[in-house]
Amino acid sequence: MANITVDLSTTPITYSPGPEVKHGDTVTFSLGSLAISTEATVTFTDGTCLTTSGPYQLGGTHAAATSPLTVSNSAPKRAYPFDVVINDDLKDRKVGPGEHDRKNGGIDVTSDPPEGR
C-alpha cells in the first residue's frame, strides 16, 4: 500500500509520487508551503474514490494536511477529478476582492476493484 501526498500549494497541483492510486492506498491533501492563514476546501466533482466522502477542509481551524484517506476497495478504475478553493487573504492576490483562488486536480484509480468471492 502506498501513500500519495497531494500538494495544493503548487501550480499546477503536484502529487508525490504521482496521481495514480490503487485500492487500499492512502491519499493525504496538504497545504504544503502555503501560509498558515490559508484555508482550502477540496471537493470531488464526480464522485469520490475515497472511503470518506468529503469535502475536506484544511488550514484555519483545521490541520494543514488531512489524515491519510483510504482509497475504497469498491472504487471503479477511472479518474476522479476534484476542485480546490483556496482562501488566503494575506497573499499577493491574483483574483478580485471576494473571489478565491481555484485549482483543479484528480486522482486516477489504476486497478480494478477486487473480485467478490
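Please read all numbers here as calculations on a predicted model, not as lab measurements. Just the heavy atoms: all of them, side chains too, but no hydrogens, waters or symmetry mates, feed the values below.
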Task: Ser74: partners by side-chain contact (heavy atoms from CB on, under 4.5 Å), with sequence neighbours left out - done: Ser72
Which pairs of donor and acceptor atoms, one on a side chain in residues 59-67, lie under 3.5 Å apart (sequence neighbours left out)?
| from | atom 1 | to | atom 2 | distance (Å) |
| --- | --- | --- | --- | --- |
| Thr66 | OG1 | Phe29 | N | 3.0 |

Open item on the list: Please give me the minimum heavy-atom distance between Thr26 and Pro68, naming the atom from each residue.
Closed with: CB-CB, 3.8 Å
Open item on the list: Using every non-hydrogen atom in the two residues, find where Leu34 and Ser9 come nearest and quote the distance to one decimal.
Closed with: CG-CB, 3.4 Å
Open item on the list: Which heavy atom of Pro19 sits nearest to which heavy atom of Gly106, and what is that distance?
Closed with: CB-O, 3.8 Å
Task: Non-neighbouring partners of Thr110 that pass side-chain contact (heavy atoms from CB on, under 4.5 Å), sequence neighbours left out - done: Glu20, Lys22, Asp108
Task: Spacing of CG belonging to Leu69 relative to OG1 belonging to Thr52, to within rounding of 0.5 Å - done: 5.5 Å
TODO: Determine the minimum heavy-atom distance between Ala40 and Leu8, stating which atoms define it.
DONE: CB-CD1, 4.4 Å
TODO: Under the side-chain hydrogen bond (donor to acceptor under 3.5 Å, both in side chains) rule, collect the residues that match up with Thr45, sequence neighbours excluded.
DONE: none
Task: Partner of Tyr56 by side-chain contact (heavy atoms from CB on, under 4.5 Å), out of Thr28, Thr48, Val27, Thr43 - done: Thr48
Task: Heavy-atom closest contact (Pro55 atom, Thr41 atom, distance) - done: CB-CG2, 3.9 Å
- [ ] Please name all residues satisfying side-chain hydrogen bond (donor to acceptor under 3.5 Å, both in side chains) with Asn104, sequence neighbours left out, ordered by chain then number.
- [x] Asp83
TODO: Check whether any side-chain heavy atom of Pro12 lies under 4.5 Å from a side-chain heavy atom of Lys103, and answer yes or no.
DONE: no
- [ ] Could you tell me whether the side chain of Tyr80 reaches within less than 4.5 Å of the side chain of Leu50, counting heavy atoms only?
- [x] no
Task: Minimal non-hydrogen separation, Asp25 against Met1, with atom names - done: OD1-CA, 3.5 Å
Task: Pairwise distance OG(Ser111) to CG(Asn73) - rounded to 0.5 angstrom - done: 9.0 Å
- [ ] Applying side-chain hydrogen bond (donor to acceptor under 3.5 Å, both in side chains), name anything that partners Thr70, two or more places apart in sequence or on another chain.
- [x] none
Task: OH on Tyr15 to CD1 on Ile107, rounded to 0.5 Å - done: 7.0 Å
